[in-house]
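One structure below.
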Amino acid sequence: MIVEQVVEPPALAPGTLRIIPLGGLGEVGRNMTVFEFEGKLLVVDCGVLFPEENQPGVDLILPDFEPIRDRLDDIVGVVLTHGHEDHIGAVPYLLKLKNDIPLIGSGLTLALVEAKLKEHRIRSFTLTVKEGDREQIGPFDLEFVSVNHSIPDALAVAIRTPAGMVLGTGDFKMDQLPLDGRLTDLRAFARLGEEGVDLFMVDSTNADVPGFTALERSIGPVLDQVIGKAPRRVIVASFSSHVHRVQQVIDAAHAHGRRVAFLGRSMVRNMTIAEQLGYLHVPEGVLIDYKKAKDLPDDRVVYMSTGSQGEPMAVLSRMANLDHAIEPGPGDTVILASSLIPGNENAVYRVIDGLTKLGATVVHKGNAKVHVSGHAAAGELLYCYNIVGPRNVMPIHGEHRHLRANAQLAQDTGVPPERTILGENGTVVDLRDGVATVAGQLDLGFVYVDGSTVGEITEADLKDRRILGEEGFISVIVVVDSSTGRIISGPEIHARGVAEDDAVFDDVVPKIVAALKEAAGNGVRDNHALSQIVRRTIGRWVNQKLRRRPMIVPLVIEA
């Protein structure tokens, strides 16, 4: 059952493990969970959420660090399950609060994080682990398990304490023929299940999708066919950390005598790291700088870019708006080799329409098999529940419909409903003696990154931005005599984003004058009060006559 009202949790009892998700529940992104035992904290993942259309001007959304802000010295480490932005993107913002918190993860994951921290001028303390490793971090005994995902080197983590064992899958699927030969280690899952998993925290992203997730390698022949038949340039958009997808693009390009140029700072950075560490295998002479690629014949180049989610400033969106050095046109082929993150659909289809209008052929998940998910579908999750046999289950990583579908799968395999916790961000879960119970619900919010500003933008600010974008802006300037309240000059009305000419406001000027005259007769001299009178008067008139609710900024000046 989802807890909807704020309930302050009690003090943590000795011998009890407390689990608090700060992000990732009820949303696809900003995954972060805090574990507390005997006064020490362990953080698992620290990711970002990308903004939707109703959050104009926002660059990133962070987890709410407020519950741990005063306890940074108690954090013994941050475990990072893999290198996707929704699991590592908020690490720099956490380390800006305390820069010596140890980061624990696999080689590729930490390399991607360290490159990100370097841009923020933060030097990190890291511990590299791999599958099969077991580390004692404070009071937490951690064991790392190999899982297959859409990025190499992903790990699940088993957290042992005297209060019980928690097994968190991270993001995973059960691809039986992975490109890198790295399987999800179901034998380790079974062994941990035999030992006794007290709380199973399971990826929910595809829980409402029946069957099994398709093999990553099934995309290869489709990419090969599309690139082989393309008459001119090929532009492929994907997540900048999707090493397996990029590998298949490189292989297809090489097979057809094309060279590959990376576009987008994060794509260049991440793929350079992946190649240096041996996770990306590039045949000699295939890669080329995109500036030099422009000198190649059109049928001899593939551009690998960011922007698969329609992000306004990413490469593909700029191409669609003809705001990039590479301008798509007739004969070009654009491949969107990624999924649609919920909330991004409109932005993505706008980019598709823009590219199509320019004459390009757009190949995407809707018309070709150019993407498979990195998350386990319902059939795979059922296997895991039966193999692990957990005492308690808490679905994580997904919107509410995903969490609920995952909880139902757990119950279908025999987990009692009362042992299945449907939580949300801030739900406090206490584990003791094999029983997980909801102990409270924290009031958490969104932390917005807007340029160099972190956490200063509020919901009220976003509402103002939406009003400005949708309804327009009206300013009213009036100069009044400070002693008598008599109008000396104005009202002067200016509008922006309102279709009508400023002359339309001539009808409301007498009403503002009359309202201020009445206020002056009643002895009102306070600037704020006079401004509110102006706002109400013109706001009522605009709503009735123009059927709009613009932002109104009145300015009453005393003279």
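We number each residue from 1, following the sequence as shown.
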What heavy-atom pair brings [X] and [Y] nearest, and what distance separates the two atoms?
X: A158; Y: L192; result: CB-CD1, 4.0 Å
X: L358; Y: P330; result: O-CD, 3.4 Å
X: V243; Y: P152; result: CB-CD, 3.6 Å
X: I352; Y: H364; result: CD1-CD2, 4.0 Å
X: L103; Y: S124; result: CD1-CB, 4.0 Å
X: S305; Y: V315; result: CB-CG1, 3.9 Å

Only one of H375, H87, H402 passes ring-ring contact (aromatic ring centres under 6.0 Å, His included) with H397, and that residue is H87
Ignoring hydrogens and angles, state whether a donor on the side chain of [X] or [Y] is under 3.5 Å from an acceptor on the partner side chain.
X: H256; Y: D299; value: no
X: E380; Y: T213; value: yes
X: D45; Y: T81; value: yes
X: S240; Y: N270; value: yes
X: D180; Y: Q247; value: no

When you look at H371 and R245, which way does the side-chain hydrogen bond (donor to acceptor under 3.5 Å, both in side chains) test go after all the steps?
CA-CA 9 Å; H371 171 73; R245 195 65 43 83; 3.0 Å; yes
Check: [Y] and [X] side chains under 4.5 Å, non-hydrogen atoms:
X: L117; Y: R123; value: no
X: V79; Y: F144; value: yes
X: V334; Y: V351; value: no
X: L62; Y: V48; value: yes

Side chain to side chain contact (heavy atoms under 4.5 Å, CB included), paired with P21, selected from M32, M394, E424
M394
I'd like to know if D133 pairs up with K130 as an ion pair, taking the criterion as any Lys NZ or Arg NE/NH1/NH2 lying under 4.0 Å from an Asp or Glu carboxylate oxygen.
yes
Give a yes or no on whether the backbone of [Y] and the side-chain of [X] come within a donor-acceptor separation of less than 3.5 Å.
X: N321; Y: S317; value: yes
X: D185; Y: S146; value: no
X: S106; Y: A154; value: no
X: D353; Y: R350; value: no

Angle between ring planes, H84 versus F239, binned at 30° and 60°: parallel, tilted or perpendicular?
tilted
Look at the aromatic rings of H324 and Y290 and report parallel, tilted or perpendicular, splitting at 30° and 60°.
tilted
Side chain to side chain contact (heavy atoms under 4.5 Å, CB included) between V447 and I61, worked out
CA-CA 6 Å; V447 179; I61 306 172; 5.8 Å; no
Return the OG1 to CZ distance between T306 and F262, rounded to the nearest 0.5 Å.
12.0 Å
